[in-house]
Amino acid sequence: MSAIGIILIILAVLVVIVFLVGNLLYDLALNPKSDKSKVFGNAGFEFEVDRPDDIFKTVPPEDAYIESDDGLKLHALIVRQPAEAHSEKWVIGIHGYLGEAKEMGWRNAEFYNHGYNCIFPDDRGHGGSEGDYIGMGWDDRMDILKWMAYINDTYPCSEIIMFGISMGGGAVMMTAGEALPYNLKAIIEDCGYTSIKDEFIFEGKSMFHIPYFPLVAAANLICKFRAGYFFGDGSSVKQLAKATVPMLFIHGDSDHFVPSSMLDEVYDAAACPKEKLVIKGAAHAKAMDTDPELYWKTIFDFIEKWCK
């Protein structure tokens with residue numbers, strides 16, 4: 001066999017290996033049925049579901065279902081104010097990566113305590129929602145629009161707030177660039193990322209010590225084939241350039257999972273009225289626990305400013 005033939009065989013083998021590893025990385029990150037302990041074993045945070053301030057402990061949630069644009073059955077939990085309250089205020093609370101609607105029972109308890117009805121969707125591929133891949137906020141943005149329509153079909157005079165944490169923060173920022181209903185009054189994002197691609201580049205280096213090219217890049221191509229999107233499609237920065245609804249950006253300055261440096265990038269990109277809050281000493285998704293008084297005062301001061 002000629003030297004050129006040997007080189008071609010070696011290159012072909014290397015390409016196959018790269019795409020096999022890329023497929024493994026895709027499964028690790030975006031297949032909801034794969035073992036994620038390798039991710040969360042290094043992430044430095046975990047989602048809590050058994051908290052004394054969980055509103056689900058005192059107000060039993062209702063189940064709600066819609067169908068996504070691509071035919072998935074999506075699930076949410078709803079907690080309504082008492083009928084005598086006549087509340088038309090709603091918050092849509094979007095959970096983080098590998099989370100579920102049930103974790104939002106304590107993350108959004110303060111909204112309920114301030115008179116809001118609460119709807120907590122399970123993102124596609126999470127909890128009670130169908131889906132064989134994780135959308136990282138990109139496909140989820142269209143699902144969130146459907147949940148807003150679900151509210152408005154029953155409560156046409158409603159006033160809606162959108163809140164998202166971690167991957168949910170990315171989701172609400174990506175949603176912000178779409179055509180939104182008139183009654184979405186404010187958006188609050190907590191520790192969301194600049195883009196799916198940026199986050200995977202960061203995690204590839206910090207957790208697995210691999211460069212973007214060729215392995216993460218291969219996972220990107222496989223994501224397009226298996227989930228229908230490239231990592232670069234899901235860009236909070238690009239979507240925020242089209243945003244018009246007032247938005248509050250929150251991040252902990254000790255976040256080493258979604259780096260706090262991303263806060264300035266998304267904030268600067270936003271074309272809408274905006275404010276930002278940095279919580280000193282807060283790790284990823286821990287801002288509300290690190291300084292709850294400042295966290296919630298800032299949120300409700302922001303809402304009061306824009307929801308009139």
Side-chain angles (χ1 to χ4, degrees), residues 29-33 47 61-79 90-105 107-108 111 117-155 158 160-190 192-193 195-196 199 223-224 226-236 238-240 242-243 245 247:
L30 298 176
N31 183 344
K33 299 179 177 62
F47 294 115
E62 308 167 27
D63 293 300
Y65 296 92
I66 60 171
E67 183 175 311
S68 70
D69 290 336
D70 52 347
L72 298 177
K73 185 178 182 181
L74 303 177
H75 170 260
L77 295 175
I78 295 180
V79 178
W90 283 83
V91 62
I92 302 176
I94 310 298
H95 65 76
Y97 181 68
L98 299 186
E100 293 185 47
K102 63 184 180 182
E103 86 182 43
M104 302 304 285
R107 290 195 186 279
N108 279 194
F111 283 107
N117 303 290
C118 304
I119 184 165
F120 307 128
D122 280 321
D123 288 343
R124 53 177 55 212
H126 292 73
S129 290
E130 294 179 344
D132 57 6
Y133 66 85
I134 296 172
M136 295 300 296
W138 183 238
D139 282 359
D140 306 294
R141 81 194 194 287
M142 304 309 294
D143 301 336
I144 293 170
L145 293 176
K146 301 270 289 194
W147 285 115
M148 284 192 234
Y150 176 91
I151 294 171
N152 285 333
D153 284 345
T154 307
Y155 296 89
S158 62
I160 302 174
I161 303 296
M162 188 162 54
F163 171 94
I165 187 163
S166 190
M167 187 180 79
V172 299
M173 287 190 285
M174 293 176 201
T175 307
E178 301 298 324
L180 299 170
Y182 73 95
N183 55 337
L184 178 66
K185 300 298 184 179
I187 302 172
I188 299 147
E189 79 85 17
D190 183 344
Y193 34 77
S195 71
I196 302 170
E199 180 62 13
C223 183
K224 180 63 175 178
R226 294 180 60 180
Y229 66 88
F230 287 116
F231 296 162
D233 293 339
S235 172
S236 301
K238 291 178 181 178
Q239 289 291 95
L240 288 168
K242 301 180 288 181
V245 174
M247 187 175 303

Do F230 and C223 pass the side chain to side chain contact (heavy atoms under 4.5 Å, CB included) test, and can you show the C-alpha distance, the side-chain angles, and the key distance before you say yes or no?
CA-CA 6 Å; F230 287 116; C223 183; over 6 Å; no

Output all residues satisfying side chain to side chain contact (heavy atoms under 4.5 Å, CB included) with D63, sequence neighbours left out; order by chain, then residue number.
Y65, H75, L77

As an exercise, state the distance from [atom1] of [X] to [atom2] of [Y], rounded to the nearest 0.5 Å.
{"X": "K102", "Y": "F120", "atom1": "NZ", "atom2": "CZ", "answer": "14.5 Å"}
{"X": "Q239", "Y": "M174", "atom1": "CD", "atom2": "CE", "answer": "8.0 Å"}
{"X": "L30", "Y": "I196", "atom1": "CG", "atom2": "CD1", "answer": "8.0 Å"}
{"X": "Y193", "Y": "E189", "atom1": "OH", "atom2": "CD", "answer": "10.5 Å"}
{"X": "L184", "Y": "I161", "atom1": "CG", "atom2": "CD1", "answer": "7.0 Å"}
{"X": "N117", "Y": "Y155", "atom1": "CG", "atom2": "OH", "answer": "6.0 Å"}

Shortest non-hydrogen contact between [X] and [Y], atoms and distance:
{"X": "E130", "Y": "L74", "value": "O-CD2, 4.2 Å"}
{"X": "G170", "Y": "S236", "value": "O-OG, 3.8 Å"}
{"X": "D139", "Y": "A227", "value": "OD2-O, 4.1 Å"}
{"X": "G125", "Y": "P32", "value": "O-CB, 3.2 Å"}
{"X": "L240", "Y": "A176", "value": "CD2-CB, 4.3 Å"}
{"X": "S235", "Y": "S195", "value": "CA-CB, 3.8 Å"}

Sub-4.5 Å side-chain heavy-atom contact between [X] and [Y]:
{"X": "D140", "Y": "I94", "result": "no"}
{"X": "W90", "Y": "I78", "result": "yes"}
{"X": "M148", "Y": "T175", "result": "yes"}
{"X": "V172", "Y": "M247", "result": "no"}
{"X": "Y229", "Y": "M136", "result": "yes"}
{"X": "I134", "Y": "M167", "result": "yes"}

Looking only at atom types and distance, does a side-chain atom of [X] sit under 3.5 Å from a main-chain N or O of [Y], one as donor and one as acceptor?
{"X": "K146", "Y": "E67", "answer": "yes"}
{"X": "D122", "Y": "A101", "answer": "yes"}
{"X": "H126", "Y": "L98", "answer": "yes"}

With side chain to side chain contact (heavy atoms under 4.5 Å, CB included) as the test, would you mind laying out the steps for N31 and R226 before giving the verdict?
CA-CA 10 Å; N31 183 344; R226 294 180 60 180; 4.0 Å; yes

Over 60° means perpendicular and under 30° means parallel, so classify the ring planes of W147 and Y150, tilted if in between.
perpendicular

Start with the C-alpha gap between E178 and I144, add the side-chain angles, then the distance that decides, and say whether side chain to side chain contact (heavy atoms under 4.5 Å, CB included) holds.
CA-CA 11 Å; E178 301 298 324; I144 293 170; over 6 Å; no

For D143, the salt bridge (charged side-chain N to carboxylate O under 4.0 Å, His left out) test, sequence neighbours excluded, returns R124

Contacts of Y133 meeting ring-ring contact (aromatic ring centres under 6.0 Å, His included) (sequence neighbours excluded), chain-then-number -> none

Should the heavy atoms of other residues, nucleotides or ligands under 6.0 Å from NZ of K73 be counted, would the total exceed 12?
no

Check: N152/S158 side-chain N/O donor and acceptor closer than 3.5 Å:
yes

